[in-house]
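Because the structure is a prediction, the values reported are computed rather than measured. Numbered from 1 within each chain, the chains take letters A, B, ... in sequence-line order.
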Number of protein chains: 2
Amino acid sequence: MTPAAERVLEVAGKLFYDNGIHAVGVEAIASEAGVTKKTLYDRFGSKDALIAHYLRRRDERWREHVIRVVEQRGRIAPARRLLLVFDALEQWIAEENPRGCAFVNAHAELPDAAHPGRDVIREQKQWLLEYLRTLAREAGVRNPRKLATSLLVLIEGANVTSTLGVVPGAVGNAKEVAKQLIESS
Amino acid sequence: MTPAAERVLEVAGKLFYDNGIHAVGVEAIASEAGVTKKTLYDRFGSKDALIAHYLRRRDERWREHVIRVVEQRGRIAPARRLLLVFDALEQWIAEENPRGCAFVNAHAELPDAAHPGRDVIREQKQWLLEYLRTLAREAGVRNPRKLATSLLVLIEGANVTSTLGVVPGAVGNAKEVAKQLIESS
DNA sequence: TTGACAGTATACCGATCGGTTTAGTACGTC
DNA sequence: GACGTACTAAACCGATCGGTATACTGTCAA
């Protein structure tokens with residue numbers, strides 16, 4: 001990844017997320033990054049490929065964030081670690097996610113299932129589900145698969161509703177429900 | 001609403017939802033509806049206004065659907081009526097919502113808070129929250145406001161996750177969680 | 001009978017879209 | 001000194017974008 005490509009990816013990440021993918025032209029990305037369109041196309045090949053790179057990069061940051069928050073403190077009961085995911089979400093929303101889940105938003109703009117970005121979207125959700133399942137298994141609950149699914153639903157729901165502004169304390173509410181769910185599992 | 005305007009609105013509803021708002025041009029809508037661009041602009045004024053009309057129309061259909069399913073059978077315990085909302089969602093997804101919540105999707109494409117469509121999006125979510133609150137109040141739970149919020153989070157989460165294809169039985173799962181939540185309220 | 005209204009047909013507007021092409025510069029490595 | 005690589009500058013491509021203008025037809029009610 002050359003310095004110019006790095007700048008393009010950073011700018012694309014900001015513009016795509018803030019304005020929506022279709023609303024941003026490659027011309028705007030290139031000029032904002034202080035780069036020629038030729039350089040952009042030399043590095044990424046197409047806008048669609050750049051979109052996929054953008055999503056991949058954001059997914060990486062998201063995973064690192066979650067893992068950092070959940071595993072920051074050394075010894076915590078596995079059951080409580082599941083609740084830390086909700087804290088991670090709340091921080092993420094406050095710091096990087098004012099316009100909702102970038103992957104849900106991208107899915108709305110990429111109806112073609114063959115688009116390279118669609119794989120990244122699926123993998124992002126799949127990873128979180130697997131991560132929750134692992135934590136649930138470590139917590140020794142009866143049905144880790146089922147609990148992980150319920151928690152994923154709560155997380156996605158909290159993300160959407162708090163973004164749409166209908167429910168200000170959505171993440172906190174979801175965390176309470178999650179707590180109750182974990183205790184009875 | 002003239003016959004031509006009706007056709008435009010119907011076509012716009014299909015194209016906007018299936019392809020995303022920005023991806024659809026007014027030219028395509030007009031020709032698909034068998035109408036001139038002039039007629040489209042005479043009736044709706046601008047693409048942004050048409051977008052708002054599209055959302056409004058879809059919201060109306062959604063509300064009617066929910067109310068029909070929840071209130072179809074005469075005498076049902078109010079607590080069970082809350083669960084019927086999940087059945088309404090499941091039907092809606094199967095029949096009209098393969099690409100996820102149109103309002104969440106539209107929100108992803110309309111970053112400008114002053115866009116006329118944004119009001120419709122907010123009102124759609126607000127209505128559902130109020131409706132859930134009313135049902136919860138009738139069910140005699142301790143904290144209707146809180147239960148309604150939790151259920152809204154579950155509904156939105158189930159909608160997103162089942163659309164993204166990560167969790168096939170998301171709505172059913174959410175309904176189970178809801179049941180547990182209602183019983184302990 | 002007149003006029004408002006709903007509509008078609010078609011050409012046009014400037015701007016922007018994603019993407020390509022040609023030419024040339026700076027740098028580092030065999 | 002030659003070659004590959006990373007980059008800038010700028011013109012260019014056809015297509016499409018949202019929106020407007022002009023001219024004309026049909027219907028219906030006052």
A.B. asks: Any side-chain donor paired with an acceptor under 3.5 Å for A/N173 and B/S150?
C.D. replies: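 Looking only at side-chain atoms, B/S150 and A/N173 do form a donor-acceptor pair, the distance falling under 3.5 Å.
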A.B. asks: Atom CG of A/L15 and atom C1' of C/dG18: how far apart are they, to the nearest Å?
C.D. replies: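 In whole Å, C/dG18 C1' and A/L15 CG are 16 Å from each other.
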A.B. asks: Starting from C1' on D/dA6, measure out to CE on A/M1 and report it in whole angstrom.
C.D. replies: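 For the pair A/M1 CE and D/dA6 C1', the rounded distance is 14 Å.
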A.B. asks: Dump the pairs, protein N or O against N or O of nucleotides 7-9 of chain C, anything under 3.5 Å, distances to one decimal.
C.D. replies:
from, atom 1, to, atom 2, distance (Å)
C/dG7, OP1, B/T2, OG1, 3.2
C/dG7, OP1, B/A4, N, 3.0
C/dG7, OP2, B/T2, OG1, 2.9
C/dG7, OP2, B/R43, NE, 3.0
C/dT8, OP1, B/G34, O, 3.0
C/dT8, OP2, B/T36, N, 3.4
C/dT8, OP2, B/T36, OG1, 3.4
C/dT8, OP2, B/T39, OG1, 2.8

A.B. asks: For the pair B/Y17 (side chain) and B/C101 (backbone), establish whether a donor and an acceptor sit closer than 3.5 Å, ignoring hydrogens and angles.
C.D. replies: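 No, the answer is negative, given that no donor and acceptor are paired below the 3.5 Å cut-off.
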A.B. asks: Give the rounded distance in Å between these two atoms: CD of A/E109 and P of C/dC17.
C.D. replies: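 After rounding, the reported distance stands at 14 Å.
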A.B. asks: Any side-chain heavy atom of B/V120 within less than 4.5 Å of one from B/Y54?
C.D. replies: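 No - every pair of side-chain heavy atoms lies 4.5 Å or more apart.
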A.B. asks: Whole angstrom is fine here: how far is it from CD in A/E27 over to P in D/dC12?
C.D. replies: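 After rounding, the gap between these two atoms is 15 Å.
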A.B. asks: Which heavy-atom pair separates A/I51 from A/I21 by the least distance, and what is that distance?
C.D. replies: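 Looking at all heavy atoms of both residues, the shortest contact is CD1-CG2, 3.4 Å.
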A.B. asks: Check the distance between D/dT16's P and B/H22's NE2 and give it to me in whole angstrom.
C.D. replies: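 To the nearest whole Å, that distance equals 19 Å.
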A.B. asks: Grab the CD1-P distance between B/I29 and D/dG18 for me, whole Å please.
C.D. replies: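 Value for this atom pair: 8 Å.
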A.B. asks: Under 6.0 Å from the CD atom of B/E130, do we count more than 12 heavy atoms belonging to anything else shown?
C.D. replies: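 For B/E130, atom CD is crowded (more than 12 foreign heavy atoms under 6.0 Å).
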A.B. asks: What is the distance from OH of B/Y41 to P of D/dA21, rounded to the nearest Å?
C.D. replies: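 Interatomic distance, OH of B/Y41 to P of D/dA21: 13 Å.
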A.B. asks: Does A/T2 reach the main-chain N or O of A/A5 with its side chain, forming a donor-acceptor pair under 3.5 Å?
C.D. replies: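 Pair found, side chain donor or acceptor close to backbone of A/A5.
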A.B. asks: With a sphere of 6.0 Å drawn around CZ of A/R80, does it hold more than 12 non-hydrogen atoms of other residues, nucleotides or ligands?
C.D. replies: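 No, not enclosed.
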A.B. asks: Could you write out each protein N or O paired with an N or O of nucleotides 28-30 of chain D at a distance under 3.5 Å?
C.D. replies:
none

A.B. asks: Kindly state each residue pair satisfying salt bridge (Lys or Arg N to Asp or Glu O under 4.0 Å) with at least one member in residues 39-53 of chain B, sequence neighbours excluded.
C.D. replies: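 Sorted pair list: B/K38-B/D42.
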A.B. asks: Within this structure, what is the CZ-to-P distance between B/F44 and D/dG18, rounded to whole angstrom?
C.D. replies: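 My rounded result for the distance is 15 Å.
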A.B. asks: So, A/N97 versus A/R58: side-chain donor-acceptor pair below 3.5 Å or not?
C.D. replies: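 Yes, a side-chain donor-acceptor pair sits under 3.5 Å.
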